[in-house]
Amino acid sequence: MADPLHTVAAPLREAFAAVTGLPAADIDPVVRNSDRADAQANGALALAKQLGRNPRELAEAVVATGLLADLCSNTEVAGPGFINLTFTPEFLSAQVAEAAASDRVGVRRAATPEIAVVDYSAPNVAKEMHVGHLRTTVIGDALVRMLEFVGHTVIRENHIGDWGTPFGMLIEHMVDLGGVDAELTIDLSDPSAFYKQARAKFDASDEFKDRARARVTLLQSRTDAPTMAIWQKLVDKSADYFDVVYGKLGVLLRRDDIVGESFYQPMMAAMLDRLDQAGLLAESEGAKVVWVPGFKNREGEPLPLIVQARTGGFNYATSDITCVLDRVERLHATLLVYCVGTPQSQHLQMVFKASEMLGVLVPPARAVHVNNGNVLGDDRKILKSRSGEPAMLLDLVDAAIERGRAIVAERSPELPADEKAELANTIGIGALKYAELSSDRIKDYVFDWSRMLALEGNTAPYLQYAHARICSIFRKAEVSRASVRGVTPTIGQSQERALTLQLLQFDAAVHDTLDKFSPHRLCTYLFDLAQAFTSFYEACPVLKDGYEATRESRLALCDLTARVLQQGLALLGIEAPERM
RNA sequence: GCUCCCGUAGCUCAGUCGGAUAGAGCAACGGUUUCCUAAACCGCAGGUCGUAGGUUCGAUUCCUACCGGGGGCGCCA
């Protein structure tokens, strides 16, 4: 393993075992980052308590075993029993060389590769994508990239709203306009226009309302070709629009990833039969329900999960349980990731519990609700556009690119026009995505263009700039990046040491991020790395006269830093430009 | 009413499987450019970690209560 904290844990475990007589496998040496040394091991405190021994003496005994001598130049027992570890430069050099030699820059593959389904974005047909879709889309996409990178088989699913009562009025409105051949264009500045027209008609006319209701029934039967053709056209046109948004935003989702509610609809009756056979289906107030333990309604009575309305119709609980079933049984997924807003929390818990009771969602299969908070405006309410509606996603994307353009025009006027256009995109979209990813997903956050595009602080441009500066060094040196990859760097100055330690923790950062499904952890890591690099950059000249002896070594550190930055940003769905 | 989540520096945010003086960025103040991109770096300053108890050798982290903010709580999704 390239991570020294990980590597040093093994001899520490042995040392603790030798001193305590406990099996090494049961011991956690509690190796952590430290501001007093390269790392600290806190395991002595807990073990001493457990064994009724003096923690300081235990720590001293561990150090006295000599098992750490190969890796550490200094092992000091401090305070109540912390073991402060300082790694030898040779050990760090070797670890860096190992990371540099791997095309994964030191990131381990997952111990057990799984099939994972990541459900994210989920817009509605005939409606606009707005700011509410931004976080789920960006977070889901980052998780997809990371899960794939560590070796899982990832299936992206875009669970779009393409079924249900609104389609009665939408289809009927199309019929009025001339049926399937009628003109239907999604106006990118008002993608919900068609929906609003249909809605207005529905609200104004009882006659239309009746036709719409009849049309829903016809749709549900899936037998009427003209109805299905119009429905398909609505879905296709919306998918075109979604692809425009996803393309500009630079996310992986495409129309092939669409698995809408309509897909599950034909399987719902069979799912209800299974619930029934399992003895889980009950009746309550005329509806078919599953009694999921642990949930209560306003009156303090048990709260049911309704899977079939009194009217006989299915709802999102029906759809979501069917969906779990499909993902586990057809796709053989063992990890079901739901990137959905926090308000769905209780609903999803009930769905997961019901699926578990059905014997479908059982180990090793499991589901995770990767919930996210809201994007707020200055008024602390959900970000609005000038019209007072939730801000449209495409407008935000375009505005990000426009702001990127302004920055490039000011800062990099010398670049060729096509490169400027690309850079504007890289910076603008990068800043927008990074703002979504860099703070804890479960909290609401306040949207602020000037902060996310700031060229300092924990922002995408800061990270991109660090990367570009490294590329510039190699351009100036006329040395190829690949040519220094065999070099084992020498760790001398404190900034080299700090950079090295940071570089070697990429693996831990990626895995920690995935353990918590929290992309902001990777962001924090990359920001720390960029800061460590810029400090190194100031203090450790690479190409200047008088530094020939350290040149190769520092070029190797630069190359690895750039690779980690580029790979790390790529895992977030953000590009790293070579010039800016 | 029940329940879930959040509350850390003036602002925006990290951190917390219990550990040693709680960290960044912005803003403020003071420095650094004959030198690889100053979109940077270095320094200084700033916090009773919502409040009050409890457990512990040790609590911002765990438990309880309360205060403040937000979400959810049966036939829309």
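Just so we're on the same page: letters track the sequence lines, and every chain starts at 1.
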Grab the [atom1]-[atom2] distance between [X] and [N] for me, whole Å please.
X        : N     : atom1 : atom2 : value
A:Asp320 : B:C75 : CG    : P     : 16 Å
A:Asp448 : B:G25 : CG    : C1'   : 13 Å
A:Asn371 : B:G71 : CG    : P     : 15 Å

With both distances under 3.5 Å as the test, what is the Watson-Crick or G-U wobble partner of [N]?
N     : value
B:G43 : B:C29
B:G1  : B:C73
B:U60 : none
B:A14 : none
B:G7  : B:C67
B:A20 : none

Could you please name the option among [options] that lies closest to any side-chain atom of [X]?
X        : options             : result
A:Lys443 : B:C6, B:U37, B:A20  : B:C6
A:Lys544 : B:C6, B:A39, B:C36  : B:C36
A:Ser284 : B:G23, B:A40, B:G74 : B:G74
A:Lys49  : B:C36, B:G58, B:G74 : B:G58
A:Glu456 : B:C26, B:U37, B:G74 : B:C26

Applying a 4.0 Å non-hydrogen cut-off, can you work out what [X] is touching in the nucleic acid: base, sugar-phosphate, or nothing?
X        : value
A:Lys288 : nothing
A:Cys471 : nothing
A:Glu285 : base
A:Arg411 : base

Phosphate-side-chain proximity, [X] and [N], N/O vs OP1/OP2 below 4.0 Å:
X        : N     : value
A:Thr534 : B:C41 : yes
A:Arg451 : B:C11 : no
A:Ser535 : B:C42 : yes
A:Arg521 : B:G15 : yes
A:Tyr445 : B:A14 : no
A:Lys476 : B:U37 : yes
A:His520 : B:G15 : yes

Given the [atom1] atoms of [N] and [M], what is the spacing between them in whole Å?
N     : M     : atom1 : value
B:C13 : B:C6  : C1'   : 14 Å
B:G23 : B:G47 : C1'   : 11 Å
B:A24 : B:C63 : C1'   : 31 Å

Using heavy atoms and a sub-4.0 Å distance, could you list which residues of residues 340-354 of chain A are near RNA chain B? By number, please.
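Here the set is A:Pro343, A:Gln344, A:Gln346.
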
Judged by each residue's nearest nucleotide on RNA chain B, which is more toward the 5′ side, A:Ser34 or A:Ala539?
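Of the two residues, A:Ser34 wins.
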
Residue met sooner reading RNA chain B from 5', once A:Asn297 and A:Thr524 are mapped to nucleotides
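By nearest-heavy-atom nucleotide position, the 5'-most residue is A:Thr524.
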
Suppose we call a contact any N or O donor and acceptor under 3.5 Å apart; does that hold for the side chain of A:Asn84 and the base of B:A20?
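Check passes, donor-acceptor contact within cut-off.
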
